[in-house]
Chemist: 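Have a look at this one before I ask anything.
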Amino acid sequence: MRPVPFSGSWGTASSVSFQLANESLQKDPPSVDESLSKKEARARQQELVRERVGAIAEAIADKLRCRPEFDRVEAVNGYINLYFPTQKLANEVVFGAIGQGDDFGRGPKQADRVMIEFSQPNTHKEFHVGHSRNAALGNALANITEFAGFETVRANYIGDIGMHVIRCLWCYDAFHQHEEVPKDKRGRWLGDIYAESVRRLDLQEGVVKLLNELSTQDAQFVSAIDKMMKELFEAGVPGEDIAYLLGQIANQRPVVADQILDGETIPKFWPLIGEQLLFELEYIREHGPQEAPPPTSRTATVKGPLPVVTVENTQERYERWQRLGRNIEWWPHVPQWREEVRETFQKWERKDPEFVKLWDETREWSMQEFHRIYDELGITFDVWFYESEVEEEGREIVKELLERGIAEISEGLPVVKIDEKLGLEKETYRTLPILRSDGTTLYSTKDLELTRRKFQDYEIDRSVWVIDVRQSLYFQQIFKIMELWGFEQAEKCFHLGYEIVTLPEGTMSSRAGNAVFYEDVAAALKQRAREIIDEKSPNTSLTEEQKNTIAHDVGVGSLLYSMINRDNHRVITFSLEEALSFDGHAAPYIQYAHARACRILDRVDKLPEGEVIFEDLQSQEIDLIEQIAAFPTEVEKSAFEHKPLVIATYVFELAQKFNDFYADFEKRPILTAPEPQRSMRIALVAATGRTLANGLGLLGVAAPEVM
RNA sequence: GCGCCCGUAGCUCAGUGGAUAGAGCGCUUGCCUCCGGAGUAAGAGGUCACAGGUUCGAAUCCUGUCGGGCGUACCA
């Protein structure tokens with residue numbers, strides 16, 4: 001059964017006649033020409049079904065016509081359409097919505113207690129728009145799950161320790177500890193230091209990667225290597241390094257940072273690389289993309305012909321050269337820095353009081369920002385987990401896994417060879433490291449304990465992790481390891497993956513330092529919303545404070561909605577320009593419909609009570625009632641399928657239908673209509689307003705009464 | 001290599017077995033002496049990536065191909 005697919009009608013449709021027609025043909029097959037091909041036979045079958053289906057539908061419709069539940073029954077194209085009596089059902093729906101208020105759409109109490117973990121920001125990094133997708137999605141999912149009848153525990157899991165924190169604090173200690181710490185936005189200040197630590201510590205990696213790319217994919221570069229090396233030699237670079245670089249690059253063999261003996265070799269080489277790339281760029285612009293012959297050396301690692309060198313890829317490499325070049329003088333220091341980071345990690349391991357104090361203080365700077373952001377987003381949590389609090393117990397689990405032979409030491413560190421333990425031939429879950437070789441904990445170490453703790457300390461029946469899709473394999477591994485460990489609730493663990501938020505120019509990450517920060521986006525959205533209020537709001541009596549509150553609701557709501565209103569499996573390419581457009585399919589459209597409904601009701605002395613006359617309804621009125629009636633089942637669907645998108649789509653369609661209903665003043669006046677239409681339409685407006693508010697509430701989007 | 005995801009209107013996306021595949025943006029042409037125009041009416045725009053298969057019936061399920069993204073042992 002499904003809704004009748006005609007606008008302006010309210011009912012349910014059945015395609016059962018098709019099945020019946022088909023079955024009757026199977027039981028009682030007409031004489032078939034054996035010579036027919038399979039395809040022809042099927043076409044014949046289709047014809048026969050078509051012939052019979054009409055009569056079957058008509059016969060069933062006939063029997064149903066006398067039933068009082070339906071206003072009208074018809075058989076069309078083989079479908080049986082059952083139309084509801086609007087008077088009775090419309091009153092139930094509309095006054096149900098008005099009477100139940102905040103509870104309209106709430107599902108019956110469910111047995112399971114569910115934990116939903118979401119948001120998981122890392123301290124010492126800035127909260128960016130990617131994080132807001134997770135927060136928006138998780139918050140909506142938790143709201144919807146709760147509303148659908150499940151007791152819901154909302155959990156956050158703060159990444160307050162791990163390699164990123166250690167790197168940040170190393171960088172702080174080494175280069176920033178005497179600087180004045182800013183008064184506000186200290187979380188961002190830390191985030192900048194973290195990004196700097198990555199630039200420092202990963203410099204050699206980036207340089208080597210670019211060099212190896214050039215030697216294997218840019219034949220022009222390779223052919224210029226003799227010339228460049230000659231110049232390097234003249235610049236005083238030791239012969240061993242010249243020989244090494246020449247040998248590796250000319251033969252397309254990978255360069256390894258440790259093999260370069262003199263710390264000044266690469267900084268001296270760098271300007272020559274840039275010159276060469278610039279030369280190549282000019283050459284390609286003039287002569288077009290360059291194809292290269294395959295390498296001549298027998299020891300080359302590249303076998304086929306080298307890829308075509310284009311303006312685009314050379315330009316990209318040149319830009320990378322520029323970025324790395326800004327700090328190329330760091331090159332000789334990198335090994336020592338990396339050693340210092342390892343020592344810093346050991347300070348954490350032995351709980352060095354001075355270090356722990358610094359950690360605690362800086363962590364708090366980030367936490368303050370997170371709390372402010374959650375306040376602004378209107379998101380709350382019941383439970384706060386911290387990575388720093390599950391480390392030790394996680395280590396205990398690792399120890400037990402090793403003792404029981406589930407884990408083993410491989411290549412110097414504890415891992416679980418999951419496929420082997422499960423006896424799987426095909427590579428499925430692969431191998432997961434569960435502790436570093438130096439004894440420090442990994443993300444996995446902590447997640448094992450977190451999973452145990454969730455079930456044992458919070459008495460939940462089911463646990464959902466809202467985390468991006470790149471960690472899908474990882475979570476399957478964690479859950480399987482828990483299963484191997486004998487943790488029965490492992491089968492009650494679900495990873496709800498969602499695709500990441502990227503930028504038009506590519507992936508966004510705190511590591512790369514190209515992230516678009518939440519704070520900046522939120523500020524821009526609020527400002528834009530405020531401008532529109534000043535420009536368009538007819539309500540001139542609003543105070544500054546009211547206007548700012550509305551600007552906040554609209555700006556933030558708009559961001560939240562855009563993050564929910566897209567399937568989880570789809571990548572969102574974030575563009576501020578698009579985010580700032582409040583027209584069309586966006587939160588403000590829905591909020592506006594709600595505000596409009598509120599303003600109409602403001603002009604009404606007394607809401608109709610009990611029952612009103614729903615007769616001779618226009619199609620826009622019927623469509624609106626039908627949409628309101630669907631709310632409870634949409635809530636259920638959204639919760640059971642873990643898809644907040646269902647509600648996001650629903651509220652938009654409700655707003656659309658309300659606008660359709662409202663639009664034609666000539667045909668459907670509300671306040672100036674004669675009775676009984678006036679009461680009926682007012683009740684409809686009230687029910688719509690209520691449903692819009694409830695639906696937006698589930699998404700975590702505010703529903704202002706004035707805009 | 002193996003695994004997961006995506007491919008629907010110019011663009012961004014809804015639509016997981018049923019009737020004529022929808023919306024927003026953009027484009028063209030209308031609608032405020034009237035309950036709020038952040039709105040609304042109409043028009044143009046589709047081989048639902050491609051090829052097979054299952055089915056009375058496929059954008060939807062299965063298989064394969066192509067194109068793109070992601071993951072795949074000491075990041076989280």
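Residue numbers start from 1 in every chain, and the chains themselves are labelled A, B, ... in the order their sequence lines are given, proteins ahead of strands.
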Chemist: Can you find a side chain N or O atom of A:Tyr662 that sits less than 4.0 Å from OP1 or OP2 on B:rG37?
Modeler: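 Checking A:Tyr662 against B:rG37: at least one side-chain N or O falls below 4.0 Å of OP1 or OP2.
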Chemist: On RNA chain B, check which nucleotide each of A:Arg2 and A:Leu671 is closest to and give me the residue with the more 5' one.
Modeler: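 So the residue in question is A:Arg2.
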Chemist: So, under a plain 3.5 Å distance rule, would you say the side chain of A:Tyr592 forms a donor-acceptor pair with the base of B:rG36?
Modeler: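 Per atom types, the contact qualifies.
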Chemist: My understanding is that a pair needs two contacts under 3.5 Å, Watson-Crick or G-U wobble. By that rule, which nucleotide pairs with B:rC2?
Modeler: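 In the structure as shown, B:rC2 has B:rG71 as its Watson-Crick or wobble partner.
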Chemist: Determine if A:Tyr79 stacks with B:rA19; use a centre-to-centre distance below 5.5 Å and an interplanar angle below 30° as the criteria.
Modeler: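 The base of B:rA19 is stacked with A:Tyr79 (centres under 5.5 Å, planes under 30°).
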Chemist: Do A:Arg167 and A:Tyr194 form a cation-pi contact, if we require the NZ or CZ to be under 6.0 Å from the six-membered ring centre and within 45 degrees of the ring's axis?
Modeler: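 Not satisfied by the 6.0 Å and 45° rule.
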Chemist: For A:Asn565, which contact category applies under a 4.0 Å heavy-atom criterion: base, sugar-phosphate, or nothing?
Modeler: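 The residue A:Asn565 makes no contact with any strand.
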Chemist: What nucleotide, of B:rC2, B:rU12, B:rA19, holds the atom closest to the side chain of A:Lys426?
Modeler: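 Closest nucleotide among those given: B:rC2.
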Chemist: Should A:Arg470 be listed as having a side-chain N or O under 4.0 Å from OP1 or OP2 of B:rC70?
Modeler: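 So the side-chain polar atoms of A:Arg470 never come under 4.0 Å of the phosphate oxygens OP1 or OP2 of B:rC70.
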Chemist: Given B:rU40, B:rA14, B:rA38, which nucleotide is nearest the side-chain atoms of A:Asp583?
Modeler: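 For A:Asp583, the side-chain atoms sit closest to B:rA38.
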Chemist: Could you check whether A:Asp664 gets within reach of a base, just the sugar-phosphate, or nothing at all, counting any heavy atom under 4.0 Å?
Modeler: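 It contacts nothing in the nucleic acid.
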Chemist: Between B:rG7, B:rA38, B:rA73, which nucleotide gets closest to the side-chain atoms of A:Arg570?
Modeler: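 Of the options given, the side chain of A:Arg570 lies nearest B:rG7.
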Chemist: Measure from the side chain of A:His569, starting at C-beta and using heavy atoms only, and say which of B:rC6, B:rG39, B:rA76 lies closest.
Modeler: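 Comparing B:rC6, B:rG39, B:rA76 against the side chain of A:His569, the answer is B:rC6.
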Chemist: It should be established whether A:Arg681 places a side-chain nitrogen or oxygen under 4.0 Å from OP1 or OP2 of nucleotide B:rC35.
Modeler: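 The answer is no; no side-chain N or O of A:Arg681 sits under 4.0 Å from OP1 or OP2.
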Chemist: Could you tell me how the ring of A:Tyr443 sits relative to the ring of A:Tyr474: parallel (under 30°), tilted (30 to 60°) or perpendicular (over 60°)?
Modeler: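 Because their plane-to-plane angle is under 30°, the rings of A:Tyr443 and A:Tyr474 count as parallel.
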Chemist: What's the closest nucleotide to the side chain of A:His585 if the choices are B:rG24, B:rG36, B:rA38?
Modeler: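 Looking only at heavy atoms from C-beta outward on A:His585, the closest nucleotide is B:rG24.
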Chemist: Would you please test A:Val554 and A:Ile533 for side chain to side chain contact (heavy atoms under 4.5 Å, CB included) and show each step?
Modeler: CA-CA 10 Å; A:Val554 170; A:Ile533 292 165; 5.6 Å; no
Chemist: Could you check which nucleotide pairs with B:rA41 in any of the strands shown, counting Watson-Crick or G-U wobble with both distances under 3.5 Å?
Modeler: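 Its partner is B:rU29.
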Chemist: A:Ala586 near the nucleic acid: base, sugar-phosphate alone, or nothing, with a heavy-atom cut-off under 4.0 Å?
Modeler: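 Nothing: the residue A:Ala586, judged by heavy atoms under 4.0 Å, touches no strand.
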Chemist: Has the side chain of A:Gln471 got a donor or acceptor atom sitting under 3.5 Å from an opposite partner on the base of B:rA76?
Modeler: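 Counting by modelled atom types and ignoring angles, a donor-acceptor contact under 3.5 Å is found here.
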Chemist: Is there a donor N/O on one and an acceptor N/O on the other, under 3.5 Å, for the side chain of A:Ser410 and the base of B:rA73?
Modeler: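 Pair found.
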Chemist: At 4.0 Å (heavy atoms only), tell me whether A:Ile434 reaches a base, stays on the sugar-phosphate, or touches nothing.
Modeler: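 No contact.
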Chemist: Between B:rC75, B:rA38, B:rC56, which nucleotide has the shortest distance from any of its atoms to the side chain of A:Gln45?
Modeler: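 Looking only at heavy atoms from C-beta outward on A:Gln45, the closest nucleotide is B:rC56.
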Chemist: Classify the side chain of A:Asn81 and the base of B:rA19 as holding, or not holding, a donor-acceptor pair under 3.5 Å.
Modeler: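 When only heavy-atom distances are counted, A:Asn81 does reach the base of B:rA19 through a donor-acceptor pair under 3.5 Å.
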Chemist: Contact class for A:Val76 vs. all strands (heavy atom < 4.0 Å): base, sugar-phosphate, or nothing?
Modeler: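 Touches a base.
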Chemist: Determine the interplanar angle of the A:Tyr157 and A:Phe385 rings, folded into 0 to 90°, and report it as parallel if under 30°, tilted if 30 to 60°, perpendicular if over 60°.
Modeler: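 Answer is perpendicular, since the angle exceeds 60°.
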Chemist: Can you figure out which of B:rC35, B:rC75, B:rA38 approaches the side chain of A:Arg436 most closely?
Modeler: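 Closest nucleotide among those given: B:rC75.
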Chemist: Is the closest side-chain heavy-atom distance between A:Leu654 and A:Leu624 below 4.5 Å?
Modeler: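 Yes; the side chains approach each other to less than 4.5 Å.
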Chemist: If you check every side-chain atom of A:Leu442, which of B:rG39, B:rC75, B:rU12 has the closest atom?
Modeler: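 Nearest to the side chain of A:Leu442 among the choices is B:rC75.
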Chemist: Only one of A:Glu391, A:Glu449, A:Arg436, A:Glu387 clears side chain to side chain donor-acceptor pair (under 3.5 Å) with A:Thr441; which?
Modeler: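 With A:Thr441 as partner, A:Glu391, A:Glu449, A:Arg436, A:Glu387 yield a single side chain to side chain donor-acceptor pair (under 3.5 Å), made by A:Glu391.
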Chemist: Nearest to the side chain of A:Glu411, which nucleotide is it out of B:rA14, B:rC35, B:rA73?
Modeler: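 Looking only at heavy atoms from C-beta outward on A:Glu411, the closest nucleotide is B:rA73.
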Chemist: Measure from NZ on A:Lys657 to P on B:rU40 and round the result to the nearest Å.
Modeler: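 Computing the A:Lys657:NZ to B:rU40:P distance gives 14 Å.
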Chemist: Between A:Tyr474 and B:rC74, is there a contact of a side-chain N or O with OP1 or OP2 at under 4.0 Å?
Modeler: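 For A:Tyr474, the contact criterion (side-chain N or O under 4.0 Å from OP1 or OP2 of B:rC74) is not met.
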Chemist: Look at all strands and tell whether A:Asp438 reaches a base, only sugar-phosphate, or nothing, counting heavy atoms closer than 4.0 Å.
Modeler: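 Since no nucleic acid heavy atom lies under 4.0 Å of A:Asp438, the category is nothing.
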Chemist: Contact class for A:Leu413 (heavy atom, under 4.0 Å): base, sugar-phosphate, or nothing?
Modeler: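 A:Leu413: base contact, heavy atoms under 4.0 Å.
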Chemist: Do A:Gln19 and B:rG18 have a side chain to base donor-acceptor pair shorter than 3.5 Å?
Modeler: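 For A:Gln19, whose side chain was compared with the base of B:rG18, there is a donor-acceptor pair (under 3.5 Å).
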Chemist: Indicate, with a heavy-atom threshold strictly under 4.0 Å, whether A:Val469 touches base, sugar-phosphate, or nothing.
Modeler: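 Nothing: the residue A:Val469, judged by heavy atoms under 4.0 Å, touches no strand.
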Chemist: Find which nucleotide of RNA chain B each of A:Ile600 and A:Ser472 is nearest to by heavy atoms, and output the residue with the more 5' nucleotide.
Modeler: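 The residue mapped nearer the 5' terminus is A:Ser472.
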Chemist: Looking only at the side chain of A:Thr431 (C-beta and beyond, no hydrogens), which of the listed nucleotides B:rG18, B:rA73, B:rA76 gets closest?
Modeler: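 The answer is B:rA73, which lies nearest to the side chain.
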Chemist: Could you state the atom-to-atom distance from CD of A:Gln620 to P of B:rG39 in whole Å?
Modeler: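 So the CD-P distance, A:Gln620 to B:rG39, works out to 19 Å.
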Chemist: Determine whether a donor-acceptor pair (one donor, one acceptor, N or O, separation below 3.5 Å) exists between the side chain of A:Glu427 and the base of B:rG3.
Modeler: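 Between B:rG3 and A:Glu427, which were checked side chain against base, a qualifying N/O pair under 3.5 Å is absent.
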Chemist: Under the 3.5 Å rule, do the base of B:rC74 and the side chain of A:Ser437 count as making a donor-acceptor pair?
Modeler: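 Side chain to base: pair found, below 3.5 Å.
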Chemist: Does a side-chain N or O from A:Asn77 land closer than 4.0 Å to OP1 or OP2 of B:rA19, or not?
Modeler: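 Answer no for this pair, as no side-chain N or O of A:Asn77 is under 4.0 Å from OP1 or OP2.
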Chemist: Give a yes/no answer on whether the side chain of A:Asn659 brings an N or O atom under 4.0 Å of OP1 or OP2 in B:rU40.
Modeler: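 It does, given that an N or O in the side chain of A:Asn659 lies less than 4.0 Å from OP1 or OP2 of B:rU40.
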Chemist: Base of B:rC32 relative to its sugar, syn (within 90° of 0) or anti?
Modeler: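 What B:rC32 shows is a syn base, its glycosidic angle lying within 90° of 0.
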Chemist: Just checking A:Glu499: base, sugar-phosphate only, or nothing, at a heavy-atom cut-off of under 4.0 Å?
Modeler: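 Here A:Glu499 touches no strand at all.
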Chemist: Return yes if a side-chain donor-acceptor contact under 3.5 Å exists between A:Arg72 and A:Asn81, otherwise no.
Modeler: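 No.
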Chemist: Just N and O in the side chain of A:Arg668: are any of them under 4.0 Å from OP1 or OP2 of B:rC35?
Modeler: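 Indeed not, no polar side-chain atom of A:Arg668 lies that close.
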Chemist: Pick base, sugar-phosphate or nothing for A:Gly159, based on heavy-atom distances below 4.0 Å to the nucleic acid.
Modeler: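 Result for A:Gly159 = nothing.
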Chemist: Can a cation-pi geometry be assigned to A:Arg133 and A:Phe574, taking NZ or CZ under 6.0 Å from the six-membered ring centre and within 45° of the ring axis?
Modeler: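 Because its charged atom misses either the 6.0 Å distance or the 45° angle limit, A:Arg133 does not stack over A:Phe574.
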